[in-house]
**Q** 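First, the structure itself, so that you have it in front of you.
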Amino acid sequence: MEIYGLLLARYGHRHWWPAETPFEVCVGAILTQNTNWGNVEKAIANLKRDRLLTPGALRDVPLDLLAEAIRPSGFFNVKSVRLKGFVSWLFERFGGSLERMFAGEWGELREELLKVPGIGRETCDSILLYAGEKPSFVVDAYTRRLFAALGLVSEKADYETVRSLFMADLPADPRLYNEYHALIVQHGKEHCRKRPRCTGCPLHVCPSTMLP
DNA sequence: TTCCCGGCTG
DNA sequence: CAGCCAGGAA
């Protein structure tokens with residue numbers, strides 16, 4: 001059985017992305033940069049408490065209040081500017097409407113989104129896939145670690161190379177990409193960590209199990 | 001390569 | 001309490 005099937009059999013459906021709205025997904029994708037999800041949840045809860053989880057509210061809130069609200073997610077001075085930058089771009093380009101943002105051809109949207117300061121490749125693909133349900137595969141640290149450990153990609157392959165490998169091998173199905181990435185993350189947390197925990201690994205092929 | 005930062009785990 | 005963890009820009 002292939003990797004996806006083994007991971008699905010072990011971990012089951014992950015029901016990603018944990019958010020109430022597509023806009024919440026976009027905000028979460030920026031807040032989770034270099035930050036674990038637990039901290040992002042606290043920041044999101046603060047934004048909801050302060051009624052800031054809409055494009056208009058984020059556009060209008062003073063920068064320092066926004067920074068204070070998202071403090072638990074870390075790098076709050078950078079991320080507050082990034083959130084402001086994203087929503088101001090969203091307003092000037094799509095009138096503040098995610099529906100309009102996702103309405104066109106998503107390949108062009110991806111190129112445009114990547115030009116927004118603070119939206120890198122992983123954040124961009126997370127927004128496309130989890131907020132817009134576009135079949136754009138998300139590559140993260142767990143993806144690289146796992147597939148390098150399996151010998152399927154070089155450790156130093158760049159983002160676009162790894163993403164292209166997945167997309168060339170898989171049907172362009174957003175539900176599949178959604179599930180697959182979520183499974184890779186779960187597997188990364190449980191087994192394929194920086195310091196690998198190979199006992200009980202559903203793939204039983206990681207480096208330390210192949211030691212003499 | 002370095003800077004940007006908090007919260008959880010051992 | 002030290003160590004760990006997680007993207008993007010310059």
Side-chain angles (χ1 to χ4, degrees), chain A residues 11 14 16-19 24-50 52 58 63-90 109-132 136-149 153-164 166 177-178 180-201 206 208:
Chain A
Y11 303 113
R14 310 309 306 156
W16 271 30
W17 180 297
E24 186 178 330
V25 174
C26 298
V27 171
I30 290 169
L31 292 181
T32 201
Q33 291 168 0
N34 225 53
T35 302
N36 64 58
W37 185 252
N39 294 356
V40 176
E41 285 183 321
K42 298 171 197 298
I44 297 270
N46 290 346
L47 292 174
K48 286 183 175 172
R49 177 200 61 201
D50 298 341
L52 291 175
L58 279 192
L63 184 63
D64 57 324
L65 290 187
L66 175 56
E68 193 49 44
I70 65 169
R71 174 180 288 272
S73 72
F75 305 98
F76 51 88
N77 287 319
V78 181
K79 289 176 181 176
S80 54
V81 171
R82 290 179 182 176
L83 288 173
K84 282 280 192 182
F86 172 67
V87 293
S88 71
W89 171 84
L90 185 62
L109 172 60
R110 183 172 192 264
E111 293 312 307
E112 216 176 326
L113 221 30
L114 285 172
K115 291 178 182 144
V116 178
I119 309 290
R121 299 179 191 286
E122 182 181 344
T123 305
C124 178
D125 289 326
S126 296
I127 289 172
L128 290 170
L129 179 59
Y130 290 104
S136 192
F137 204 90
V138 178
V139 176
D140 67 350
Y142 292 124
T143 311
R144 293 160 167 289
R145 192 184 302 151
L146 172 60
F147 286 82
V153 300
S154 151
E155 309 80 358
K156 41 168 286 300
D158 68 18
Y159 185 100
E160 297 295 340
T161 302
V162 178
R163 174 173 177 270
S164 297
F166 276 89
Y177 288 12
N178 176 322
Y180 204 166
H181 179 253
L183 288 167
I184 290 168
V185 170
Q186 187 63 32
H187 183 70
K189 290 178 188 302
E190 286 189 32
H191 295 285
C192 217
R193 314 166 122 207
K194 273 262 189 72
R195 157 88 178 271
R197 308 292 172 88
C198 295
T199 55
C201 174
C206 84
S208 73

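Naming: A, B, ... by sequence-line order, numbering from 1 per chain.
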**Q** Over all strands shown, is A/Phe76 touching base, sugar-phosphate only, or nothing at heavy-atom distances under 4.0 angstrom?
**A** sugar-phosphate
**Q** Separation of A/Asn36 atom CG from B/dT9 atom P, in whole Å?
**A** 9 Å
**Q** Taking the C1' atom in each of C/dA6 and B/dC3, what is the distance between them to the nearest angstrom?
**A** 15 Å
**Q** Report which part of the nucleic acid A/Arg193 touches: base, sugar-phosphate, or nothing (heavy-atom distance under 4.0 Å, all strands).
**A** nothing
**Q** Less than 4.5 Å apart, side chain to side chain, heavy atoms only: is that true for A/Asn77 and A/Leu63?
**A** no
**Q** In whole Å, I'd like the distance from the CH2 atom of A/Trp37 to the P atom of C/dA6.
**A** 15 Å
**Q** Of the nucleotides C/dG7, B/dC5, C/dC5, which has the atom closest to the A/Asn77 side chain?
**A** B/dC5
**Q** Picking from C/dA6, B/dG7, B/dC5, which would you name as closest to the side chain of A/Asn39?
**A** B/dG7
**Q** A/Ile119 near the nucleic acid: base, sugar-phosphate alone, or nothing, with a heavy-atom cut-off under 4.0 Å?
**A** sugar-phosphate
**Q** Does the ring center of A/Tyr177 lie less than 6.0 Å from the ring center of A/Phe166?
**A** no
**Q** Which part of the nucleic acid, if any, lies within contact of A/Tyr159, taking any heavy atom under 4.0 Å across all strands shown: a base, the sugar-phosphate backbone alone, or nothing?
**A** nothing
**Q** Would one find a side-chain N or O of A/Lys42 under 4.0 angstrom from OP1 or OP2 of B/dC8?
**A** yes
**Q** Taking only Lys NZ, Arg NE, NH1 and NH2, and the carboxylate oxygens of Asp or Glu, determine whether A/Arg144 and A/Glu122 approach each other closer than 4.0 Å.
**A** no
**Q** A/Arg144 has an atom CZ; how far is it from atom P of C/dG8, in whole Å?
**A** 10 Å
**Q** Salt bridge (Lys or Arg N to Asp or Glu O under 4.0 Å) between A/Glu112 and A/Lys115: does it pass, once the steps are laid out?
**A** CA-CA 5 Å; A/Glu112 216 176 326; A/Lys115 291 178 182 144; over 6 Å; no
**Q** Does the side chain of A/Thr35 get closer than 4.0 angstrom to OP1 or OP2 of C/dG7 through an N or O atom?
**A** no
**Q** Among C/dG8, C/dC5, B/dG7, which is the nearest nucleotide to the side chain of A/Glu122?
**A** C/dG8
**Q** Judged by each residue's nearest nucleotide on DNA chain C, which is more toward the 5′ side, A/Arg195 or A/Gly118?
**A** A/Arg195
**Q** Considering only side-chain heavy atoms of A/Asn34, which listed nucleotide, C/dG7, B/dG6, C/dC5, is closest?
**A** C/dG7
**Q** So, are A/Glu160 and A/Arg121 salt-bridged, with charged N and O less than 4.0 Å apart?
**A** yes
**Q** Which one, C/dC5, C/dG8, B/dG6, comes nearest to the side chain of A/Lys194?
**A** C/dC5
**Q** Closest to the A/Val78 side chain: B/dC4, C/dG7, B/dG6?
**A** B/dC4
**Q** May I have the distance from A/Glu68 (atom CD) to B/dG6 (atom P), rounded to whole angstrom?
**A** 10 Å
**Q** Tell me the interatomic distance from A/Tyr142, atom OH, to C/dC5, atom P, rounded to whole angstroms.
**A** 8 Å
**Q** Roughly how many Å apart are B/dC4 and C/dC5, using the C1' atom of each and rounding to a whole number?
**A** 15 Å
